[in-house]
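Here is the structure we will look at, set down as structure tokens.
So that the names make sense, note that chain A is the first sequence line, chain B the second, and so on, each numbered from 1.
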Amino acid sequence: MAPPVSATKSPSPSQPSGKSEVSDLKLQLRQLAGSRAPGADDAKRDLFKRVISCMTVGIDVSPAFSEMVMCSATSDVVLKKMCYLYVGNYARCNPDLALLTINFLQKDCHDQDPTIRGLALRSLCSLRVQNLVEYLVAPLVVGLKDHSSYVRTVAAIGVLKLYHISATTCHDSDFPAALKALMLSDPDAQVVANCLYSLLEIWTQEAGHSEEAAREIETLYGKPIIYYFLNRIRDFSEWAQCLLLDLVSKYIPADNNEIFDMMNLLEDRLQHANGAVVLATIKVFLHLTMSMTDVHQQVVYERIKAPLLTLVGAGSPEQSYAVLCHLHILVMRAPMLFSSDYKHFYCQFSDPSYVKKLKLEMLTAIANESNTYEIVTELCEYAGNVDVPIARESIRAVGKIALQQYDVNAIVDRLLQFLEMEKDYVTAETLVLVKDLLRKYPQWSHDCIAVVGNISSNSIQEPEAKAALIWMLGEYSQDMMDAPYVLESLVENWEEEHSPEVRLHLLTAVMKCFFKRAPETQKALGAALAAGLADSHQDVHDRALFYYRLLQYDVAVAERVVNPPKQAVSVFADTQSSEIKDRIFDEFNSLSIVYQKPSYMFTDKEHRGPFEFAEDLSNLAIGGDSGDDAIRSAQRYQENDKDLLLSTSDKEENGGPTRNGSNSSTYSAPSDINSSLSALAPSSTSHTVAFAIDDLLGLGVPDAPILPLPPALSLNSKPVLDPGTFQKKWGQLTVSSSQESTLSIQGVASLTAPQSLIRHMQNNSIQCIASGGHPPNYKFFFFAQKEGSSSFFLVECIVNTASAKAQIKIKSDDASASDAFASIFQSALSNFGSL
Amino acid sequence: MAGAVSALFLLDIKGRVLVWRDYRGDVSAVQAERFFTKLIEKEADPESHSPVVHDDGVAYMFIQHNNVFLLTAARQNCNAASILLFLHRVVDVFKHYFEELEEESLRDNFVVVYELLDEMMDFGYPQYTEAKILSEFIKTDAYRMEVTQRPPMAVTNAVSWRSEGIRYKKNEVFLDVVESVNILVNSNGQIIRSDVVGALKMRTYLSGMPECKLGLNDRVLLEAQGRATKGKAIDLDDIKFHQCVRLARFENDRTISFIPPDGAFDLMTYRLSTQVKPLIWVEAQVEKHSRSRIELMVKARSQFKERSTATNVEIEVPVPADSTNPNIRTSMGSAAYAPENDALVWKIKSFPGGKEYMCRAEFSLPSITAEEGAPEKKAPIRVKFEIPYFTVSGIQVRYLKIIEKSGYQALPWVRYITMAGEYELRLI
């Protein structure tokens, strides 16, 4: 309906042709404007309708603005509605003309008909014109006190609209306080709900830089208000109930009795016909029981299971999709829960593929000893499915279940049957899986190799599958009679092989084959090395050269490097850290679950509250009285950090073989080097690893301690780092300094809210990226940047005001400067409150 | 907090904007249209991408209804499940107003569409989505709208779903108990999944503010009242009620009491996950005589009591694509080849319990297959049917009491029906 739409639309003959139409309308409107004739209103309606239609199909009818306003002096509701619509649409692009409308809109705000008062007020607030803000205040003040609840609902949201046009005007007129009063006293539920919408949005936006707003948010989550809402929840509309439940989920009850009372009160909400209400209730239950023992959590899971399963089955596919996303995250936390209900996740023929895909994921996640057989049988049905992507997904799912180590025997048989189906995509997917299986269960090699050996490498096109086949040829060349000859023919077709990935694998496989069956492979090896050296791809070239020199140096060493004895992979690396998973879980019932990403990864900064990044700190606050809680959670974070590290190094060790199958040499490396390796994040080809080790032994290690500390470290006063990068860096870097520091008594006294410390640190050029917590525990993430350099210092600081202690963990791009930074940070912290 | 939606779009089948409402001014129509048309072009089948897509900091959530897409764009982290549900409610409301929601009906009613979009959502937050309430202040035909308007009653009312002052000459309630059977049978003839989804659908034509009370043969209730429960009581797995039902009351003593909305609504839905015997069993044998001829033999058997009769039975048996020259014989009903679905469709108007019917069909196949390696279609046999006066669960309405302060007598009418839901047999 906005003018720009017309640009993307091709003019069609059936549509009015624009310009002449507009001038025609203008003329007719002008004729009618002053008319008091009996039929005038009907004629006006017709005209207005045409104007609106033009506007909707994308014709710019803004030239008729003044005529429209002239005609708007009427008592006809329908005309008024259409006029509001028109004005709302064009006011923003014509702020000067918008001024014309203020007069009649303001007048309508005092109309005797509440519907007109409401509509006029809504239109007035929706104009979004900066310089008309002053005209909004008075009608809003009146509107909030209107005796019709319809007008009050409109006014409550109107305040929020005003806030978005001009926050200062909103505060100057003291609207937040008025809304709060209204929220706590209004008899109409929708008015209350709209007040809450507005207040939450206003205060959440400001919580980052205003202590008062942060405090107000705290009171919203406090007991009196939560109880006020809980007792009235049945009066609210279904959407407002979702809002209230979301608010309740942030509340932290004092003890278990209170938790049970709340759950009893809300239990009937699980029977609400609106799925959104049910999900919101489930969120509350999950959050309430977060701090409780596993037993209680199990009970809650059991309780919410039936409603969730109903939501999946009944209703629209879109709803199933959204609910399945939520189920998936629950299942990841408690796989046992749904293990007997696996049949609910069998795919229907008519399910859209996005639902099928999620169902496959669910089936994979809930497979265990008792149900694997049935699930895999069902998945095999899908492998022959019409829908090729789904068929692929199901084969992958079978493989994933096999890797979860249940009933591998039967699954391997099934997988091998797939290979006999002789469909290209089935074979391709299966090969990749068989390769992964062999890495985990080498004992199956005999059976697999027998089947894999029959597959012609010519029939496989997909690089990943081809690479997997080649890897198996190299790895098991002693068991496959014709391995050297297959490899030889592959080498002959070197030129036709487009994927560098496959060529790399081919090099390594030929090497491995050579060590086992030298006489037969020699020719192929020579050809492969020659082709590799002439290859245009840098990695291929380098690897060929490396192998060549290695062989020249000593064949025995070459064998140790390229084909050392391997351990079976026990656990494949998880792609997401547990910290991220926890954060996603905290954002239950939002887009985060659908994307499987925490919200800071996909929303813009201005569209999220500062609290969201630090929301996981609610853990800190649960049972926040005891000091050792903080320590426990601190340990949790530490473990997480270790997890992060482990998973990256794991990835190198496990991810390597996927590509060249011989990376296990890192196993033999001394462990301390191993950890510094992961800090260096080396590429995973084995020769670079080997060089990296050399490098470290030769240069890096002795050098590091000798490096003198830079005498004075100055910090960039205005560093910029977005939360996403922060999170990534935090995951990548190791802790370079971990200390405990003591706060001064004044410091503890001033730390009533996180903001005070944040401002203090800002004065010391240390910026806060996220903070949160409740007395006595606060947690902060700070960062700073070295002046004139790109290296960042990242700090996690957990303050316990009861013991006046702060635990500091520093990570840095530039490890040499981190000690200097640590002392700056320490002194800044100890100065806190002394001013 | 639950985030707000930036804008709501109604788009045509090609993804072009028909009507949109800009709630927060941070996502433009051009931006959304560009994204969405690209999305549709990329994948010819709109079903293949999920209903939530992220692009350039904006979360798009959409559903399709007939030839219209309903799309919301949001910059905040909003509640996906509830927004998708909200869109379905929007569809319901439009259907109430325009009979059917499609491109044409939108084009004819721009003004009402705008009004509705304004009342259903304000600044990106859902408001009222009940057609009954909305229709009190947005009348369908703008021309005949009365000039003297009352403020929307329901908005100020404690019972938001019903307005006061409703009058009927004849006070009646119709209650339909509808159960749909979902079943999945694998190629070995084993039932791998079955459940029953039931709904109590009500149509009320009652004056004033009637207080209703519904009694079911619910095992928990009957046991609590100490009545004999031999065989007649039922267990309902997961019950959901319309918002008018006093849930707390149900939690306490299992009585279902409510003030109903006016007109049609779903009072209650439930699910039964107990194993059900397939009510209609279908077997199919396929014989390929040569490369060019295929013979199907389909047997259908009704496995319910003889006193019930299934009506409008429709059995869809998949056949290879591009089959020609159908030669079909049936022992009951009529069968026809539906090339657009690659299926043989066999219709039987009336199918009494305990009977078995047959259908034979012969097709010619094209001698040259279209493409080698094209995956063979593995569609299941699908069955549709209705069995009136019968419920799988055995649910019974024991009483439906209607009390209104004026003391009129209302007539309750109760019907039972069982239908096929997702009824699939993978027998071929």
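Using bins of under 30°, 30° to 60° and over 60° for the plane-to-plane angle, the ring pair B:Tyr125/A:Tyr197 lands in the parallel bin.
Taken to the nearest 0.5 Å, the CD atom of A:Glu238 stands 11.5 Å off from the OH atom of B:Tyr128. Atom CD of A:Glu374 and atom CD of B:Gln190 lie 9.0 Å apart (nearest 0.5 Å). Residue B:Arg89 holds its CZ atom at 5.0 Å from CG of A:Asn274, rounded to the nearest 0.5 Å. Note that CD of B:Glu422 is 4.5 Å distant from CD of A:Gln348, once rounded to the nearest 0.5 Å. Here the straight-line distance linking atom CZ of A:Arg234 with atom CG of B:Leu247 works out to 7.0 Å at 0.5 Å rounding. The distance from atom CD of A:Gln319 to atom CG of B:Leu84, rounded to the nearest 0.5 Å, is 8.5 Å.
Counting non-hydrogen atoms of other residues, nucleotides and ligands closer than 6.0 Å to NZ of A:Lys357 gives a total of 12 or fewer.
Checking side-chain atoms of B:Arg271 against main-chain N and O of A:Pro307 turns up no donor-acceptor pair under 3.5 Å.
Using a 4.5 Å cut-off between heavy atoms, A:Leu160 touches chain B through backbone and side chain atoms alike. A:Val277 does not touch chain B: none of its heavy atoms, backbone or side chain, sits under 4.5 Å away. In this structure, no portion of B:Met268 lies under 4.5 Å from any heavy atom of chain A. Proximity to chain A is limited to the backbone of B:Val53, based on heavy atoms less than 4.5 angstrom apart. Contact annotation for B:His242: only backbone heavy atoms (N, CA, C, O) come within less than 4.5 Å of a heavy atom of chain A. Of the two parts of A:Leu247, neither the backbone nor the side chain holds a non-hydrogen atom closer than 4.5 Å to a non-hydrogen atom of chain B. Proximity to chain B is limited to the side chain of A:Glu267, based on heavy atoms less than 4.5 angstrom apart. Using a 4.5 Å cut-off between heavy atoms, A:His272 touches chain B through backbone and side chain atoms alike. Proximity to chain A involves both the backbone and the side chain of B:Ile63, based on heavy atoms less than 4.5 angstrom apart. When heavy atoms are compared at a cutoff of 4.5 Å, B:Leu85 approaches chain A by way of both its backbone and its side chain. When heavy atoms are compared at a cutoff of 4.5 Å, B:Asp118 approaches chain A by way of both its backbone and its side chain. In this structure, chain A has no heavy atom under 4.5 Å from any part of B:Arg34. Only the side chain of A:Glu378 comes within contact range of chain B, with heavy atoms under 4.5 Å apart.
For chain A, the option among B:Ala80, B:Pro51, B:Ser82 with the highest count of heavy-atom pairs below 4.5 Å is B:Pro51.
Defined by atom type and a distance below 3.5 Å, a donor-acceptor pair is present between the side-chain atoms of A:Gln190 and B:Gln127. Side chain to side chain, B:His88 and A:Glu318 meet the donor-acceptor criterion of an N or O pair below 3.5 Å. Donor-acceptor pairing under 3.5 Å is recorded for the side chains of A:Trp239 and B:Thr129. A:Tyr321 and B:Ser50 share a side-chain donor-acceptor pair at under 3.5 Å. Between B:Arg193 and A:His344, the side chains place no donor N or O within less than 3.5 Å of an acceptor N or O (distance only, hydrogens not considered). In this structure, a donor-acceptor pair under 3.5 Å is absent between the side chains of A:Thr310 and B:Tyr270. For the 3.5 Å distance criterion, the side chains of B:Gln243 and A:Ser237 fail to qualify, holding no donor opposite an acceptor.
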Give the C-alpha distance, both sets of side-chain angles, the deciding distance and a yes or no for side chain to side chain contact (heavy atoms under 4.5 Å, CB included) between B:Tyr114 and A:Lys81.
CA-CA 10 Å; B:Tyr114 282 126; A:Lys81 281 189 178 181; over 6 Å; no

Determine, step by step, whether B:Trp20 and A:Thr56 satisfy the side chain to side chain contact (heavy atoms under 4.5 Å, CB included) criterion, reporting the C-alpha distance in whole Å, the side-chain angles of both residues, the deciding distance to 0.1 Å, and the verdict.
CA-CA 8 Å; B:Trp20 73 298; A:Thr56 307; over 6 Å; no

Begin from the C-alpha positions of A:Met82 and B:Glu115 and carry the test side chain to side chain contact (heavy atoms under 4.5 Å, CB included) through to its verdict.
CA-CA 9 Å; A:Met82 288 195 269; B:Glu115 286 181 38; 5.6 Å; no

Could you check A:Tyr150 against B:Glu119 for side chain to side chain donor-acceptor pair (under 3.5 Å), going step by step and ending with a plain yes or no?
CA-CA 11 Å; A:Tyr150 179 70; B:Glu119 294 299 340; 2.4 Å; yes

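You'll find the side chain of A:His164 reaches within 4.5 Å of the side chain of B:Phe123, heavy atoms only. Side-chain contact between B:Phe250 and A:Asp268 is absent, with no heavy-atom pair separated by less than 4.5 Å.
Taking a cutoff of 4.0 Å between a charged side-chain nitrogen and a carboxylate oxygen, A:Lys161 and B:Asp122 qualify as a salt bridge.
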